[in-house]
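A quick write-up on the structure given underneath.
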Amino acid sequence: MNYTAKMLRDDALKGKTIVVTGGGSGLGKSMTTYFMELGANVIITSRNIEKLERVKTELETKTGGKCLALACDVRNIEEVEAMHKKAIKTFGKVDVLLNNAAGNFISPTERLSANAFDTIIDIVLKGTKNCTLTFGKHWIDTKQTNTSVLNIVTTYAWTGSAYVVPSATAKAGVLAMTRSLAVEWAKYGMRFNAIAPGPFPTKGAWDRLLPEDIRGKFDLAKKVPLKRVGEHQELSNLAAYLVSDFSAYMNGEVITIDGGEWLKGAGQMNLLEQIPEALWDQLEAAIRSKKRS
Ligand code: HXC
Ligand code: NAP
C-alpha cells in the first residue's frame, strides 16, 4: 500500500453537494478533485472566475463529475449569500461547506499596516464566519440535517507563530468557531470539524511563505520528524473521510496531519535528536555516575 493511494470506496460521496471556498487552486483543488472522483457535486468559489472556469472544465473532464464555478469574495456577505443562492438553484441543496479560502504572507508584525492585518483576518476569520452563518442559517431554516462544515486551519492556530501573526490570530478564531458550533448546532444535525495541515507544497502558500530568495535556506521537510512534506492525496483522503457519512460520529475535532511537525517544535528535549548515536554510551555513563553523588 502506498500512502498516496485513494482511500475511500468509489461511491463514498455520491449524492452529496459540497462547496469548497478557494477550490480553484492548491489544496482546495486537490480536495475538490477527490470529492468529484467519489461522486460528489462540487461548487468551487474564489475571486478569480476565469481560473475557476478553467479548473471546472479540467476536473469535469478528468473525473466525469459535476462542478459549478462561482465568483465569490468571502469577505463580502452579499457575495456569499448570492453564491449560496446560485449553488442551491443549481443542485437543489448543499450538504457540506469546506472553508478553505485563505490569505497569508510572512512579515514582521511591526511592518504591517492596519489594513494588511485586517485583510488576512477578513479573508480567514470573517470569510469563514460569512460562509458558516449563511449556510448554517439556511440548514436550520429548511430543517436540512446530516450537514457538515469542515474548516482548514493550521497547527499554529494553537501554538501561535511569529511572522504570520494575522493568520495565526484568524486561524485560532476559526478553530474556536469550529469547537463552539460543534456543540451549539449539533441539535440541528450539523457537524463541525477541522484539519490542521503541516507543510503541503502549493504555489499560493510557497510564494508567500517561502519566497524564492529564502527557499534554499529553509527546508521545511527538515522540521518534520517523518522528514518529508505532505502529499495532497493524503490530505484529500482525510478531508473526504471527514465530509463523508463514515465520520458521522466525529464532531468538534481538529485533526493534525503534519508528520509530527508541531510536536517536534514543542517538546523541550526534542533537540537531543542532534546527539550522535555513538555519544549515548558516554552520556549514559555520566548520568548514572551522578546518581550516587
Ligand atoms: C506587508 C502587505 C504585503 C506584504 C500585502 N500587504 N502584501 N504588507 N507585506 N508582503 C498589504 C498591502 O500593502 C495592503 O495594505 C494590504 O496588505 C492588502 O493588500 P492587497 O494586495 O490590496 O490585498 P488583496 O488584493 O486582497 O490580496 C490579499 C493578499 C494576497 C492576502 C495580500 O496575498 C492574496 O490574494 N492571497 C490569497 C492566497 C494566499 O494568501 N494563499 C496562501 C495561503 S497559505 P495597505 O495598508 O497598503 O492598504 C496559508 C498557509 C498556512 O494560509 C500555514 C502554512 C504552514
Ligand atoms: P492557495 O492555493 O493560495 O489557496 C487559497 C485559496 O483561497 C485560493 O484559491 C484563493 O483564490 C482563495 N482566496 C483567497 N482570498 C479569497 C477571498 N477573499 N475570497 C475567496 N477566495 C479567496 O493556498 P493553499 O496552500 O492551497 O491553502 C489552502 C488552505 O490550506 C488555506 O486555508 C491555508 O491556510 C491552509 N493551509 C495550507 C498549508 C500548506 O502547507 N499549503 C498548511 C496549513 C494550512 P483566489 O485568489 O482566486 O481568490
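The structure displayed is predicted, hence computed values, not measured ones. For the numbers below, each heavy atom of this structure counts, side chains included, while hydrogens, waters and symmetry mates do not. As the structure lists them, so they are numbered: ligands from 1, and atoms in each ligand from 1.
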Exercise. For ligand 2, note which part of Tyr156 has a heavy atom under 4.0 Å away: side chain, backbone, both or neither.
Key: neither
Quiz item: Which class fits the ring pair Trp158 and Trp262: parallel under 30°, tilted 30 to 60°, perpendicular over 60°?
Solution: perpendicular
Quiz item: Can you name the nearest heavy-atom pair linking Ala101 to Gly22, along with the distance?
Solution: CB-N, 3.9 Å
Quiz item: For Thr155, is the nearest heavy atom under 4.0 Å from an atom of ligand 2?
Solution: no
Exercise. Report yes or no: does a heavy atom of Gly103 sit under 4.0 Å from some atom of ligand 2?
Key: no
Self-check item: atom 30 (O) of ligand 2: nearest protein contact (heavy atom, Å)
Solution: Ile152 CG2, 3.4 Å
Exercise. At a heavy-atom distance under 4.0 Å, which protein residues reach ligand 1? Sort them by chain and number, would you?
Key: Arg47, Arg75, Ala102, Gly103, Asn104, Phe105, Ser113, Asn115, Ala116, Thr119, Ile120, Thr154, Tyr156, Gly204, Ala205, Arg208, Leu209
Exercise. Among Asp245, Asp95, Asp11, find the one that has a salt bridge (Lys or Arg N to Asp or Glu O under 4.0 Å) with Lys16.
Key: Asp245
Quiz item: Of the protein's non-hydrogen atoms, which lies at the shortest distance from atom 37 (C) of ligand 2, and what is that distance?
Solution: Leu27 CD1, 3.7 Å
Quiz item: Which of parallel (below 30°), tilted (30 to 60°) and perpendicular (above 60°) describes Phe135 and His84?
Solution: perpendicular
Practice problem: Work out whether the distance between some heavy atom of Thr21 and some atom of ligand 2 is less than 4.0 Å. | Solution: no
Quiz item: Got the closest protein heavy atom to atom 20 (C) of ligand 2, with its distance?
Solution: Cys72 O, 3.3 Å
Exercise. Can you figure out which of Glu50, Lys51, Lys29, Met83 has its heavy atom closest to atom 10 (C) of ligand 2?
Key: Lys51
Show every donor-acceptor pair shorter than 3.5 Å between a side-chain atom in residues 36-45 and any protein atom, with sequence neighbours excluded, or say none if there are none.
{"unit_1": "Glu37", "atom_1": "OE1", "unit_2": "Lys6", "atom_2": "NZ", "d": "3.1"}
{"unit_1": "Glu37", "atom_1": "OE2", "unit_2": "Lys6", "atom_2": "NZ", "d": "3.1"}
{"unit_1": "Asn41", "atom_1": "ND2", "unit_2": "Thr17", "atom_2": "OG1", "d": "3.3"}

Quiz item: Which value, rounded to the nearest 0.5 Å, describes the distance between Ile195 atom CD1 and Leu98 atom CG?
Solution: 7.0 Å
Quiz item: What residue and atom, counting heavy atoms only, is the protein's closest point to atom 12 (C) of ligand 2, and at what distance?
Solution: Gly22 CA, 3.8 Å
Practice problem: Among all protein heavy atoms, pick the one closest to atom 40 (O) of ligand 2 and tell me residue, atom and distance. | Solution: Phe200 N, 2.9 Å
Quiz item: For ligand 2, does Lys171 get within less than 4.0 Å through its side chain, its backbone, both, or neither, judged by non-hydrogen atoms?
Solution: side chain
Practice problem: Please state which part of Pro201 comes within less than 4.0 Å of ligand 2, counting heavy atoms only: side chain, backbone, both or neither. | Solution: neither
Quiz item: What is the closest protein heavy atom to atom 46 (O) of ligand 2, and at what distance does it sit?
Solution: Arg47 NH2, 2.8 Å
Exercise. Could you name the option among Ser46, Ala102, Ala71, Ser30 that has the heavy atom nearest to atom 14 (C) of ligand 2?
Key: Ala102
Quiz prompt | Ring-face cation contact, Tyr163 with Arg208, 6.0 Å cut, 45° max | solution = no
Exercise. Find all atoms of ligand 2 within a distance of less than 4.0 Å from any non-hydrogen atom belonging to Ala205, and give their numbers and elements.
Key: 25 (O), 41 (N)
Quiz item: Touching ligand 2 at all, Gly23? Heavy atoms, strictly under 4.0 Å?
Solution: no
Quiz item: For ligand 2, is any non-hydrogen atom under 4.0 Å from Asn100's backbone (N, CA, C, O), its side chain (CB onward), both, or neither?
Solution: both
Quiz item: Atom CG of Leu226 and atom CG of Asp258: how far apart are they, to the nearest 0.5 Å?
Solution: 8.5 Å
Quiz item: Does a side chain donor of either Thr4 or Asn2 reach within less than 3.5 Å of an acceptor in the other side chain?
Solution: yes
Quiz item: Do any N/O atoms on Ile123 end up under 3.5 angstrom from N/O atoms on ligand 2?
Solution: no
Exercise. Give the residue, atom name and distance (to 0.1 Å) of the protein heavy atom nearest atom 18 (N) of ligand 2.
Key: Asp73 OD1, 2.9 Å
Quiz item: For ligand 2, which part of Asn104 has a heavy atom less than 4.0 Å away: the side chain, the backbone, both, or neither?
Solution: neither
Quiz prompt | Closest to atom 21 (N) of ligand 2 (judged by heavy-atom distance), picking from Ala101, Ala196, Cys131 | solution = Ala101
Exercise. To the nearest 0.5 angstrom, please state how far the OG atom of Ser167 sits from the OH atom of Tyr156.
Key: 2.5 Å
Quiz item: Does the protein place any heavy atom closer than 4.0 Å to atom 27 (O) of ligand 2?
Solution: no
Quiz item: Where on Pro199 is there a heavy atom closer than 4.0 Å to ligand 2, on the side chain, on the backbone, on both, or on neither?
Solution: backbone
Quiz item: Starting from atom 23 (O) of ligand 2, which protein heavy atom do you reach first, and at what distance in Å?
Solution: Thr202 OG1, 3.7 Å
Quiz item: Measuring from Ile106:CD1 to Phe218:CZ, what's the distance to the nearest 0.5 Å?
Solution: 8.0 Å
